[in-house]
Amino acid sequence: MSEDLGFLIGDTARLMRRAFDERVRNKGITRPQWRVLVLLHRFDGSNQVALAEMMDVEPITLGRMIDRLQDAGLVERRADPSDRRAWRVHLTPAGESRIEDLKPLATELFADAVSGLSEDQQSELEAMLDIIRLNLTRRAPEAANG
């Protein structure tokens with residue numbers, strides 16, 4: 001296997017992030033805020049620590065993002081019924097609406113990124129990336145434990 005595969009995946013991800021930033025620049029939202037909204041769409045009611053882990057950011061950084069999203073009326077914090085120190089984060093109807101507004105931009109970006117690939121190739125690429133992600137996810141705890 002080529003040593004360049006990691007660089008290729010990294011460069012592709014970087015270029016997709018840049019392209020997304022360009023497409024949403026005038027929409028009043030940043031890519032990290034978009035990620036928070038999408039994660040909450042999938043895992044509504046997550047606590048801030050879990051969201052920070054999913055985003056690979058420090059909890060304080062995520063807290064500031066959530067502050068801005070809450071000020072914009074896109075999310076709300078609710079006390080965690082099982083832990084008085086924790087907050088659960090939920091999408092508001094305005095947050096759901098923002099996702100629906102921006103989803104076509106994301107879909108268009110993905111379509112542009114895979115143009116030239118057949119549907120079968122696109123499905124195969126997605127399946128291969130899922131396997132790579134699963135392999136890395138499974139191995140992460142083993143490496144951490146030595």
Side-chain angles (χ1 to χ4, degrees), residues 1-80 85-144:
M1 175 156 303
S2 169
E3 292 178 7
D4 294 333
L5 180 61
F7 289 108
L8 181 60
I9 291 171
D11 283 346
T12 302
R14 178 184 53 80
L15 291 168
M16 288 188 71
R17 288 189 304 268
R18 181 185 296 170
F20 185 83
D21 287 344
E22 290 171 4
R23 291 172 192 230
V24 299
R25 182 170 290 134
N26 299 323
K27 303 295 182 187
I29 195 163
T30 65
R31 183 179 16 88
Q33 290 171 337
W34 166 253
R35 284 189 66 212
V36 172
L37 294 178
V38 170
L39 284 171
L40 286 173
H41 182 72
R42 293 180 187 154
F43 307 105
D44 194 51
S46 294
N47 67 40
Q48 289 184 204
V49 172
L51 283 171
E53 287 176 10
M54 285 185 256
M55 291 191 59
D56 201 22
V57 299
E58 293 296 321
I60 191 74
T61 302
L62 177 72
R64 284 187 227 118
M65 281 188 259
I66 291 173
D67 288 343
R68 288 185 203 102
L69 290 169
Q70 189 168 11
D71 290 346
L74 302 176
V75 302
E76 65 183 10
R77 287 180 175 103
R78 297 182 200 155
D80 186 324
R85 300 166 294 159
W87 293 94
R88 297 282 176 171
V89 185
H90 298 269
L91 278 176
T92 63
E96 289 283 356
S97 178
R98 180 60 64 95
I99 289 172
E100 293 306 313
D101 290 343
L102 294 175
K103 200 180 283 186
L105 292 174
T107 301
E108 181 182 291
L109 170 61
F110 295 133
D112 289 348
V114 297
S115 67
L117 297 177
S118 70
E119 286 186 31
D120 287 343
Q121 289 172 317
Q122 291 176 36
S123 295
E124 189 174 344
L125 174 62
E126 188 173 342
M128 289 186 288
L129 290 172
D130 278 341
I131 291 168
I132 291 169
R133 179 176 51 192
L134 180 62
N135 288 341
L136 294 171
T137 303
R138 258 190 287 169
R139 292 193 180 123
E142 294 170 9

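This is a predicted model, so every value here is computed, not measured.
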Interatomic distance, [X] atom [atom1] to [Y] atom [atom2] [nearest 0.5 angstrom]:
| X | Y | atom1 | atom2 | value |
| --- | --- | --- | --- | --- |
| Met54 | Arg35 | CE | CZ | 10.0 Å |
| Asn47 | Arg85 | CG | CZ | 11.0 Å |
| Leu136 | Ile131 | CG | CD1 | 12.0 Å |
| Leu102 | Gln33 | CG | CD | 10.5 Å |
| Ile66 | Gln48 | CD1 | CD | 4.0 Å |
| Asp80 | Arg88 | CG | CZ | 4.0 Å |

Search all heavy atoms of [X] against all heavy atoms of [Y] and return the closest pair with its distance.
| X | Y | result |
| --- | --- | --- |
| Asn135 | Arg138 | OD1-NH2, 3.2 Å |
| Leu37 | Val75 | CD2-CG1, 3.9 Å |
| Gly73 | Ala94 | O-CB, 3.5 Å |

Between [X] and [Y], is any pair of side-chain heavy atoms under 4.5 Å apart?
| X | Y | answer |
| --- | --- | --- |
| Gln122 | Leu125 | no |
| Leu109 | Leu105 | no |
| Val36 | Arg68 | no |
| Asp101 | Lys27 | no |

Legend entry - From CA spacing to verdict: salt bridge (charged side-chain N to carboxylate O under 4.0 Å, His left out), Asp67, Arg64: CA-CA 5 Å; Asp67 288 343; Arg64 284 187 227 118; over 6 Å; no
Inset, instruction - Could you check Arg18 against Asp21 for salt bridge (charged side-chain N to carboxylate O under 4.0 Å, His left out), going step by step and ending with a plain yes or no? - result: CA-CA 5 Å; Arg18 181 185 296 170; Asp21 287 344; over 6 Å; no
Inset, instruction - For a side-chain contact (heavy atoms from CB on, under 4.5 Å) with Arg98, tell me which candidate from Leu74, Thr92, Leu69 qualifies. - result: Leu74
Answer yes or no: does atom [atom1] of [X] have more than 12 heavy-atom neighbours from other residues, nucleotides or ligands under 6.0 Å?
| X | atom1 | result |
| --- | --- | --- |
| Glu119 | CD | no |
| Glu124 | CD | no |
| Glu126 | CD | no |
| Asp71 | CG | yes |
| Glu100 | CD | yes |
| Arg42 | CZ | no |

Inset, instruction - Kindly determine whether Val57 and Met65 satisfy side chain to side chain contact (heavy atoms under 4.5 Å, CB included), including the steps that lead there. - result: CA-CA 11 Å; Val57 299; Met65 281 188 259; 4.2 Å; yes
Legend entry - Heavy-atom donor-acceptor pair, Glu76 side chain to His90 backbone, under 3.5 Å: no
Inset, instruction - For the pair Ser46 (side chain) and Leu51 (backbone), establish whether a donor and an acceptor sit closer than 3.5 Å, ignoring hydrogens and angles. - result: no
Inset, instruction - Give every residue pair that meets the ring-ring contact (aromatic ring centres under 6.0 Å, His included) criterion with at least one member in residues 12-39, sequence neighbours excluded. - result: Phe20-Trp34
Inset, instruction - Give every residue pair that meets the ring-ring contact (aromatic ring centres under 6.0 Å, His included) criterion with at least one member in residues 41-78, sequence neighbours excluded. - result: none
